[in-house]
Amino acid sequence: GLGLTYKKAENFGEWYSEVVVNGEMIEYYDISGCYILRPWSMAIWETLQAFFDPEIKKMKIKNCYFPVFVSSTVLEKEKDHIEGFAPEVAWVTKSGKSDLEIPIAIRPTSETVMYPYYSKWIRGHRDLPLKLNQWCNVVRWEFSNPTPFIRSREFLWQEGHTAFATKEEADTEVLEILELYRRIYEEYLAVPVVKGKKSELEKFAGGLYTTSVEAFIPNTGRGIQGATSHCLGQNFAKMFEINYENEKGERAMVWQNSWAYSTRTIGVMVMVHGDDKGLVMPPKVSSVQVIVIPVPYKDADTQGILDACSATVNALVEAGIRAESDARDNYSPGWKYSQWEMKGVPLRIEIGPKDLANKQVRAVRRDTGAKIDIANAELVEEIKKLLDNIQQNLFDVAKQKRDECIQVIHTWEDFIEALNNKKMILAPWCDEKEVEEDVKARTKGETGAAKTLCSPFDQPELPEGTVCFASGKPAKKWSYWGRSY
Ligand SMILES: O=C1CCCN[C@@H]1CCCn1cnc2ccccc2c1=O
């Protein structure tokens, strides 16, 4: 029958796998680490794309499409940084029965695919800035525990790759894109995130610096990187000889950025808002915002009830609300309530004989379970208000829960205690790489080592003389630490 067998607070991993399947977002596939995205989750991806794509177009970024295959010569060009990732690269070695002379890699990311052509296309200062993005899939043959949306061997993302004449232009764009990522999480997925800078150890090794939006999953006490926006400096320009004649006639290298968000966004939303009845969808990203269900009573005017349902759906759809009716005659209303609660539809409208007689409908909120009677005359206005209220409430509740997980500490003992209490730890740090490596080593355990999540742009006061929680050296900055995905 319906209903989840696992509880979110008791078996989070099993609960999550069950809820994405029962909510009809995911179908498991016969290749480990690969998942089928069903319409219920694909619609979310499309809604986020419908927000992000016009926004980057306003920034004069153009979409393109590069091949999924990378030649090994080009892929291995990034010697230093690729070595860390090499085990994750998937290779095509045969076509039919015959071996390929040179194996071909499937893109795990597209720097090495795109940048030889950036070198070819960028000759003079008039060719700058070059700003391209592509919506595509990437493949990373990871071995650590695969999780739908969160860690899969193939995923969908957008990857932006831009080149500028000056560092200032690059720095500015890094933060403009990061703000779009914050909006994706906070305004669409109703998930609070922290904007910050990655440490030298956690940043993209091929770049100059990495900024990110960091989310937190209270149930597991783990941070999760929501999206990244890197400034690559001139590292890739040097590697791929992306230089040009500047306005003074000198040879100059370009300054580059790269930035991405992926289908991981959907998994974070499920983890944060889902409950023991199933998915809880923020109205802005739910393909069905209101489900209208007829509640006939014996043979009391069933046709009248069905007509009222259609009229209700039509009025809402005309007002731009994504409403549908569930008039299936082979399921009881109760069964339908459970099914649509499992899919996380924000609002349910019930119409029974009493509602018909009183010219009203009964709305039920998925987030709080509250029941609200609405006169037909006020229907559209009240439903719009309810949907806005649900969107805001989901964010407020998630932010309150996340804030309760934040713990400020100053000593190693307090750090360990907070870590064991599944906290998102804010600590003064000397910002030395070896110290972060040492913290990782000292906290290694079956539930994973602690690492820096980011150093928030919004820095609390750091009084003179404050020392690093891990090394005792003078603290240089506040940083969030925790276990992470
Ligand atoms: O984040 C982004 C934003 C979008 C463009 N790429 C950058 C950096 C990707 C880092 N990365 C991540 N996994 C990899 C896996 C295999 C080979 C290379 C890589 C690799 O370079």
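We count ligands from 1, going down the list as the structure has it; atoms in each ligand are counted the same way.
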Colleague: Using a strict 4.0 Å cut-off to heavy atoms of Glu88, name the atoms of ligand 1 that fall inside it.
Modeller: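 Contacts of ligand 1 toward Glu88, numbered from 1: 15 (C).
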
Colleague: What are the atoms of ligand 1, with element, lying closer than 4.0 Å to any heavy atom of Glu111?
Modeller: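 Checking each atom against Glu111, I get 5 (C), 6 (N), 7 (C), 8 (C).
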
Colleague: Determine whether the aromatic ring centres of Tyr29 and Tyr35 lie less than 6.0 Å apart.
Modeller: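 Ring-ring flag for Tyr29/Tyr35: false, centres at least 6.0 Å apart.
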
Colleague: Could you tell me whether Asp99 and Lys94 have a side-chain N and a carboxylate O separated by less than 4.0 Å?
Modeller: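 Counted as a salt bridge, because a side-chain N and a carboxylate O are separated by less than 4.0 Å.
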
Colleague: Fit a plane to each ring of Phe66 and Trp121, take the angle between them on a 0 to 90° scale, and name the class: parallel (under 30°), tilted (30 to 60°) or perpendicular (over 60°).
Modeller: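 The rings of Phe66 and Trp121 sit tilted, inter-plane angle from 30° to 60°.
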
Colleague: Charged N to carboxylate O under 4.0 angstrom, Lys440 versus Glu202?
Modeller: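 Answer for the salt bridge query: yes.
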
Colleague: Which of the atoms in ligand 1, numbered in the order shown and given with their element, are less than 4.0 Å from a heavy-atom of Ala260?
Modeller: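 Under 4.0 Å from Ala260, ligand 1 has these atoms: 3 (C), 4 (C).
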
Colleague: Return yes or no for this condition: an N or O of Glu159 is under 3.5 Å from an N or O of ligand 1.
Modeller: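 Among all N and O atoms of Glu159, none is under 3.5 Å from an N or O of ligand 1.
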
Colleague: Which ligand 1 atoms, with their elements, are less than 4.0 angstrom from a heavy-atom of Thr228?
Modeller: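 Those atoms are 1 (O).
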
Colleague: Would His230 count as a polar contact of ligand 1, with the cut-off being nitrogen or oxygen pairs under 3.5 Å?
Modeller: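 Such a contact does occur with ligand 1.
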
Colleague: Is the distance between the ring centroids of Trp135 and Tyr65 under 6.0 Å?
Modeller: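 Distance test on ring centres: not under 6.0 Å, no.
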
